[in-house]
Number of protein chains: 2
Amino acid sequence: MKISTKGRYGLTIMIELAKKHGEGPTSLKTIAQANDLSEHYLEQLIAPLRNAGLVKSIRGAYGGYILTDIPSKITAGDVIRVLEGPITPVEGIEDEEPAKRGLWIRIRDAIKEVLDNTTLEDLANHSNDEEPDGYMFYI
Amino acid sequence: MKISTKGRYGLTIMIELAKKHGEGPTSLKTIAQANDLSEHYLEQLIAPLRNAGLVKSIRGAYGGYILTDIPSKITAGDVIRVLEGPITPVEGIEDEEPAKRGLWIRIRDAIKEVLDNTTLEDLANHSNDEEPDGYMFYI
DNA sequence: AAAAATCCTTAGTAACTTGATAGGCATTAA
DNA sequence: TTAATGCCTATCAAGTTACTAAGGATTTTT
């Protein structure tokens with residue numbers, strides 16, 4: 001029941017590109033160094049994002065990647081779906097018995113609601129928001 | 001971003017036990033056959049459920065398992081936590097940057113809300129509920 | 001033209017997880 | 001005493017994860 005580093009690092013890439021939106025391309029090297037990640041690994045993650053049309057590449061020296069749309073039009077759900085596959089807590093919801101099927105659908109819709117209503121703009125701009133005191137990290 | 005067969009089959013076991021609650025023990029063999037699952041595999045899943053105190057075993061011939069509490073007091077969240085670990089979309093939420101941290105927390109709380117408010121009674125009794133026509137399984 | 005920076009592609013891999021299977025011992029009701 | 005069950009440990013094939021490695025293709029700057 002986890003989002004892997006694919007989705008998480010992919011979101012990191014997209015947030016970085018959102019921060020630099022309108023300022024020309026950002027290289028993976030820059031993003032990798034800023035976030036202490038493997039550049040080679042990020043290359044593998046951005047390929048599907050490019051194939052899905054979420055980013056555009058600019059090759060050659062001083063090249064890099066740019067968003068194909070404004071940050072307020074790209075959601076976390078767009079990114080997660082490309083890198084993690086469809087948002088669903090189980091494969092083959094339709095084959096489950098009605099009781100369990102209903103549970104999976106409610107979970108799926110709850111996740112979908114959050115992911116599809118959070119944009120890259122939200123994530124890029126509000127990086128310094130704080131949680132309420134005493135927020136529980138473990139449940 | 002998936003719940004594996006551990007959590008899913010575990011829930012299947014618990015729903016079966018909820019249906020038979022008050023009628024004496026149910027064997028894993030019965031549950032395995034009714035759901036076309038491997039009895040041996042279910043044995044591995046029920047061990048943690050027993051260790052967690054959610055079910056009690058009755059050994060010997062005509063033995064089996066029973067719930068340790070009434071179905072309305074055991075939630076899907078109880079079962080999923082035992083078999084899948086803590087409910088969280090990423091490991092180490094607290095180490096993430098604030099923007100992403102907020103996103104993971106909202107997802108986690110959305111999932112938690114559903115799982116902790118769905119009891120075995122809900123799942124055992126409302127097995128024949130139907131979804132509205134045209135409900136989308138893929139998103 | 002050359003060099004440097006970058007994207008792009010394919011392949012490999014160690015560690016882990018999943019979803020079992022295999023074999024057998026321990027306990028208890030009939 | 002026997003059959004039915006729970007209980008325990010080990011093994012394993014396939015898939016996934018999170019990389020690393022190697023190098024080619026493209027473009028800009030010098």
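Residue numbers start from 1 in every chain, and the chains themselves are labelled A, B, ... in the order their sequence lines are given, proteins ahead of strands.
Within the 3.5 Å criterion, the main-chain N or O of Thr119(B) finds a donor-acceptor partner in the side chain of Asp122(B). Under the 3.5 Å distance criterion, the side-chain polar atoms of Thr118(B) are matched with a main-chain donor or acceptor of Val114(B). With Arg101(B) contributing its side chain and Glu94(B) its backbone, the two residues share a donor-acceptor pair below 3.5 Å. Proximity of a side-chain donor or acceptor of Glu84(B) to a complementary backbone N or O of Ile3(B) within less than 3.5 Å is not detected. Using a distance-only test at 3.5 Å, with no hydrogens or angles considered, a donor-acceptor pair links the side chain of Asp78(A) to the main chain of Thr75(A).
Side-chain contact of Lys19(A) with Thr26(A): a donor-acceptor pair under 3.5 Å is absent, judged by distance alone. No side-chain N or O of Tyr65(B) forms a donor-acceptor pair with one of Ser27(B) less than 3.5 Å apart. In the model, Lys20(A) has no side-chain atom that pairs as donor or acceptor with a side-chain atom of Thr30(A) under 3.5 Å.
Between Lys2(A) atom NZ and dT16(D) atom P there is a gap of 18 Å when expressed in whole angstrom units. In this entry the distance linking CD1 of Ile3(B) with P of dT17(C) reads 18 Å, nearest Å. Distance, Lys6(B) NZ to dT16(D) P: 16 Å, rounded to whole Å.
Here Ser4(A) does not reach the OP1 or OP2 of dT16(D): none of its side-chain N or O atoms lies under 4.0 Å away. Put simply, Thr5(B) has a side-chain N or O that comes within less than 4.0 Å of OP1 or OP2 on dG19(C). The shortest distance between the side-chain N/O atoms of Tyr65(B) and the OP1/OP2 oxygens of dT5(D) is not below 4.0 Å.
Contacts between residues 32-51 of chain A and DNA chain D, defined by a heavy-atom separation under 4.0 Å, are made by Ser38(A), His40(A), Tyr41(A), Gln44(A). For DNA chain D, the residues of residues 56-64 of chain A within the heavy-atom distance limit of 4.0 Å (strictly under) are Arg59(A), Gly60(A), Ala61(A), sorted by number.
Listed nucleotides: dT6(C), dT18(C), dC19(D). Nearest to the side chain of Ser27(A): dT6(C).
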